[in-house]
Amino acid sequence: MIKSLFIIFAFLSSFILASIEINLPIIDYKSIHNPDISTTGMVVSQRKIASQVGADILSQGGNAVDAAVATGLALAVVLPRAGNIGGGGFMLVYLKSLDKTIAIDYRERAPSAAHRDLFLDSNGNYDKKKAQFSLLSAGVPGTVAGFYHALTKYGTMSWKQVLQPAIRLAREGFAVPHDLANTLSSTRYRERLSSNKAAAKSFYKNDKSLYKAGEILRQPDLAWTLEQISRDGPKAFYEGEIAKKIVKEMERNGGLITAEDLKNYIVAERNPVEGTFNNYKVVSMPPSSSGGIHLIQMLNMLEGYPIKEMGFGSADTIHIMAEVMKRAYADRSKYLGDSDFYDVPNGLTSKGYAKELNQNISLSTRTPSEEVFAGDPAPYESPDTTHFSVMDSLGNAVSNTYTLNFSYGSGIMIPGTGMLINNEMDDFSSKPGTPNGYGLIGSEANAIEGNKRPLSSMTPTILFKDNKPHLVFGSPGGSRIITTVLQVALNVMTHGMNVAQAVNSPRMHHQWLPEVLMIEDGFGSDTTALLKERGYKIYPSRTMGSVQAIMHENGYFYGSADPRRPSAGVASP
Amino acid sequence: MDNFRGLLTGIVLLLFNAILVSQTTLDYKDRIHPVVSEKFMVVSQNYHATEVGYEILEKGGNAVDAAVAMGFALAVTLPRAGNLGGGGFMLLFDAETKNVSTIDYRSAAPASAKSSMYLTEDGVVRYGHLVNAVPGTVAGLIKAHQAHGKMNLKQVMMPAIRLAHKGIPVSNDLNFILNWGKESLLKNKASKAKFYKDEEPLEINSLFRQPRLAKTLTLISQKGHEAFYKGEIADWIVEDSLTNGGLITKADLATYEAKDRVAVETNYRGNRIVSMPPTASGGLVLLQTLNILENFDIKSKGHNSASSIHYLSESMIRAFADRAKHHGDPDYYNVPVENLLSKSYSKEGSETIKENIKTPDELILAGDFKRADESPDTTHLSVIDEDGNAVSLTYTLGSSFGSGVTVAKGGFLLNNQMRNFSHYYGDDTAEYGKSEANKLDPGKRMISTQAPSMVFNSSGDLSMVLGSPGGGRIPNILTQVISNIIDHNLGFAEAVMAPRINQRVADDLEVETGISPDTINLLESFGHTTRPTNTMGSVQAIFIEDNKLYGVADTRRPDAIAKGK
């Protein structure tokens, strides 16, 4: 009797359990912004067409690294202002088979003849034009070497195969999106690019008129360059025909990069920086980027505050975040540089150091920046960089940020190559130790030296949950990259937002000097009024960053392409 | 030294922003941007429907051709709200005559329906054949097409027929909502067979073919209104209805007509706001709310500040209180439209609003406001063609998937709109649902909060085409989008995506995620009780400025998309 009752009970309860509605995480009707969903893998980048290239590679059986390299090369064609082969950057690769994250530093290196006074004029003052728009501004490009390194060590496909889509896009062309038409037509970039013969030929029509949105842009010179690299590998770039053209341009126009410099360019494979935040593991980029260290430093500090209770977007939360950011950026200006040339102190990412810093933070009172540390702000960094994220169905992940520095670099294109050259050298501290003019100066750690890499803020990151990659993301935005990445991370880890809501939510920024609180539209006037009461100088900013993120949970990939920069997109195999 | 620092700061800031491109078409101050085009634009809640509309316009069809094509397509691709078995409303703007006309194709009560049939111990009947009202959608779409379409009906309906015949891959969203819809759909044999396999929803990415629906659409494309209301399809509906305790007869269908109505309008700070008149009551509420709001300097209060929200809330309550008492089918009840929309009446209402103090519920005129709530699942589409003609169309089945009943031979769902009458009319002990204006009568249409709308700027040019699902929240959703643009000058996409609030009479202030905690605290100090809600509505809008079209598809519902050329 009891046995049959028990059986009936078991039957009934399983029936009941089966009919209880499972709260599927897939569609979230509480959030205004919702991610794209897939179960097969995902690529997110600032150009949907480039994301599709990556997704196609995944469909063809490639892994995340194959897709990432293909997407990166495609971006050089379809996002010429930041996607590149003439610049450099950073890539995090997580390989499931090794259960390990590798940090690939392919940041540009200063030409060997570079020296600390390179950008000073005869009066010893910082010469902006020299530092940003002359050929002296060019660092030895790292992208081709970096991508090749990643592919051959961690990918599965051939170099030729992953270059194919980019070559096709350069040869056959692509439809110009509004975003590209706009930047090319704006006064600033039109002047800069038109005044360079090769660039003018690539980006404007024969009669110097503009490409309209929807028209096809072909780049035959760039296609040639990519074909060379496809045929002969990175040698074509660093020693072959392309190198020759680069050196010729340098000699012709007073640049410093020599054939030796190109030949000697090396990619540095490093251990990533790691930290924890509650039950997450945070893995990010070490020097020559400052991003990872300060991301972890700030997270360490924020762990000590009840941010969730204080609420997203409240004056209290913004205040604490500004205080934390202030201290991190003060440290950045003092301690950060290329670790191959300068000893970056280890303790910056320790929990103990964070605790120490927290002691001087008040929940109610703002600390004036001079009281944090009296020093000089870091050099201005361009917001134009680009990030892309990839995850495949095997459990691998790639987080990559790379750039030319300014949009379109220095505006100089190496003739015959269709390739813009970076102006990354401006990311060094041009005159350490003394404040002057606009010459926002930093410290010794980041002074110019031959073969050294200029300090960056790029922060490609992977968050791990239960030892699996959970969030793969990063952003452009110059000095605002680190705080952008910080806020997206917090939005997910502390505020429990879905990845799209996390990316879309408004952002703030404080970088110690100048002492202003920059905020995007969307925090509301009640909150800004409260912040003003506390003595904050509020600066309503243009949008910050362009986060391309993938979250992975329960077998689903959730992607968010930041709407701040148009034409970004998610693609899945 | 301080001055020097200040100067430094200034220069750096200048550079921060100067270095970023200043856009003409795209403003980088906004986090989210609209889709921009110059010739035509289509926005809907569903990717397939948008493609259909775009295709029709590319082929040379006009805005009405596209809207009608999309209306039929949504019946195939968005079964929970797109429909043949429901009803709705549309606004049409003729660029040549500059005239706005409307079509009321709300579903109507069968002749033999009586309120007593719908009242049970647990409230008003929700699903099944009894709650089916006589569907209006096909009549409405055909009427619009006949009056204004350029292409022939077959051409316009071909995309929908093709989608039903060839099938569409089941999206995440459809699979998810079919889980939710089990309650009503599994109870009906035809629905169960169509949407489920072994009582589980159709699998994601599986091919969803609807051959019976394809046949139904083909018949309509051949014989128009007659096919549905007098011919074969009518027979199918009636057969299904009468064998299952439904009330719809051949006579009910034969006498159903979509009706032309005169749009209602008001002027809000120099802009002409045009919306749907009764039987749609949403339009009146929207206009009334704006009339009241106009008495306050909302611009100075800042977007989504506690002060702005407070005035929105107070205006909304007063407009809604009137709805309960005065709104009904104008063929059966004399709705005092002129009075309700008079500026002096609204000014009077505004004078009872206090700064920073919420009006206690008891002081709002007791109205019949707690009626059976309309489901959030309705859908809206907006279209503008190359000549500047525009259509703003909202339609629905009532609840998601309506009554859950699929007409077996026809392959389409039927609405459950009979719920939306004031069935408690005459019962003095009832708390709500007593309004005389909206009581059930044979052949009468029940009121709706749907509010397809258009806005004309101070120069008289069409500047907005918009609408939304969202049940009772619709007019309030649209009020905020309109105020976001006119008062707060938000970017077009920002205006739609900005977090919203909703205020009903004698209810908490509903807030979406994204309103600052500081603002919430202030609102509570004014006497509001706030409650976080799921997202409200799904606005599909087109904005027009300087001869460019800006399409915005609300991110709140998956797969919504704008496309233009």
Side-chain angles (χ1 to χ4, degrees), chain A residues 21-22 24 26-27 29-34 37 39 178-179 182-183 186 188-189 213 310-317 377 380 382-384 406-407 435 438 440 497 500-501 504-506 513-516 518 520-527 530 537 539-543 562-566, chain B residues 4-5 8-13 15-26 28-33 36 172-173 175-177 179-180 182 204 301-308 490 493-494 497-499 512-522 532-535 554-558:
Chain A
E21 213 174 317
I22 303 157
L24 295 168
I26 304 178
I27 312 278
Y29 278 92
K30 262 204 143 38
S31 302
I32 294 173
H33 299 281
N34 298 289
I37 303 171
T39 50
H178 273 283
D179 185 56
N182 277 346
T183 55
S186 72
R188 170 187 316 280
Y189 297 115
M310 285 155 58
F312 173 84
S314 68
D316 284 342
T317 298
Y380 170 75
S382 153
D384 268 298
F406 282 16
S407 272
Y438 158 61
L440 305 158
M497 297 185 193
Q501 193 74 18
N504 275 265
S505 294
L513 285 179
E515 188 170 1
V516 284
M518 304 180 77
E520 288 180 326
D521 255 343
F523 285 106
S525 47
D526 297 327
T527 299
L530 283 170
K537 273 199 214 49
Y539 187 78
S541 158
R542 289 189 187 259
T543 59
D562 202 323
R564 286 167 178 79
R565 309 266 173 97
Chain B
F4 181 69
R5 271 261 145 70
L8 213 63
T9 303
I11 293 171
V12 173
L13 287 173
L15 262 120
F16 261 120
N17 280 321
I19 212 92
L20 276 161
V21 180
S22 76
Q23 306 295 313
T24 46
T25 317
L26 299 166
Y28 277 22
K29 222 171 180 349
D30 296 333
R31 281 169 289 134
I32 194 154
H33 312 283
V36 188
N172 280 305
D173 187 54
N175 172 279
F176 177 79
I177 207 77
N179 242 319
W180 180 92
K182 278 178 176 172
I204 300 174
K301 303 189 191 307
H303 176 252
N304 273 359
S305 64
S307 181
S308 263
L490 292 189
E494 293 280 8
M497 259 49 100
E512 284 182 327
T513 337
I515 307 262
S516 166
D518 301 320
T519 300
I520 307 257
N521 286 337
L522 268 170
T533 51
N534 284 344
T535 58
D554 203 323
T555 54
R556 286 167 175 81
R557 300 278 170 86

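By convention in this document, chain letters (A, B, ...) are assigned in the order of the sequence lines, proteins followed by strands, and residues within each chain are numbered from 1. This structure is a prediction, so every number in the text was calculated from the model and none was measured.
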Practice item. With side chain to side chain contact (heavy atoms under 4.5 Å, CB included) as the test, would you mind laying out the steps for Met497(B) and Asn504(A) before giving the verdict? Key: CA-CA 10 Å; Met497(B) 259 49 100; Asn504(A) 275 265; over 6 Å; no
Exercise for review: Check whether any side-chain heavy atom of His33(A) lies under 4.5 Å from a side-chain heavy atom of Ile32(B), and answer yes or no.
Suggested key: yes
Exercise for review: Side chain from CB out, backbone as N, CA, C, O: work out which of these in Met310(A) comes under 4.5 Å of a heavy atom of chain B, or both, or neither.
Suggested key: backbone
Review point. With respect to chain B, which residue among Ser314(A), Gly313(A), Ser31(A) yields the maximal number of heavy-atom pairs within a distance under 4.5 Å?
Key: Ser314(A)
Exercise for review: Would you please name every residue forming a salt bridge (Lys or Arg N to Asp or Glu O under 4.0 Å) with Lys182(B), sequence neighbours left out?
Suggested key: Glu200(B)
Practice item. Select, from Ser307(B), Ala306(B), Pro532(B), the one with the greatest count of heavy-atom pairs under 4.5 Å involving chain A. Key: Ala306(B)
Check your understanding: Looking at Gly514(B), Pro517(B), Pro499(B), which one has more heavy-atom pairs under 4.5 Å with chain A than the rest?
Key -> Pro517(B)
Revision key, fill the gap. Turns out that what part of Ser308(B) lies under 4.5 Å from chain A's heavy atoms comes down to neither
Practice item. Please identify each residue that fulfils salt bridge (Lys or Arg N to Asp or Glu O under 4.0 Å) with Asp316(A), with sequence neighbours left out. Key: Arg534(A)
Check your understanding: Quick one: of Leu522(B), Asp554(B), Asn534(B), Asn521(B), who has the most non-hydrogen atom pairs under 4.5 Å with chain A?
Key -> Asn534(B)
Point to revise | Student check: side-chain heavy atoms of Ile32(A) and Glu512(B) closer than 4.5 Å | key: yes
Revision key, fill the gap. From the list Ile515(B), Thr513(B), Thr519(B), the residue making the most non-hydrogen contacts under 4.5 Å with chain A is Thr519(B)
Point to revise | Evaluation steps, side chain to side chain contact (heavy atoms under 4.5 Å, CB included), between Val36(B) and His178(A) | key: CA-CA 8 Å; Val36(B) 188; His178(A) 273 283; 4.0 Å; yes
**Study point:** chain B contact via Thr527(A) - which portion, at a heavy-atom distance below 4.5 Å
**Key:** both
Point to revise | Under 4.5 Å from any heavy atom of chain B - which part of Leu530(A) | key: side chain
Revision key, fill the gap. Tightest non-hydrogen contact, residues His33(B) and Pro566(A), listed as CD2-CG, 3.8 Å
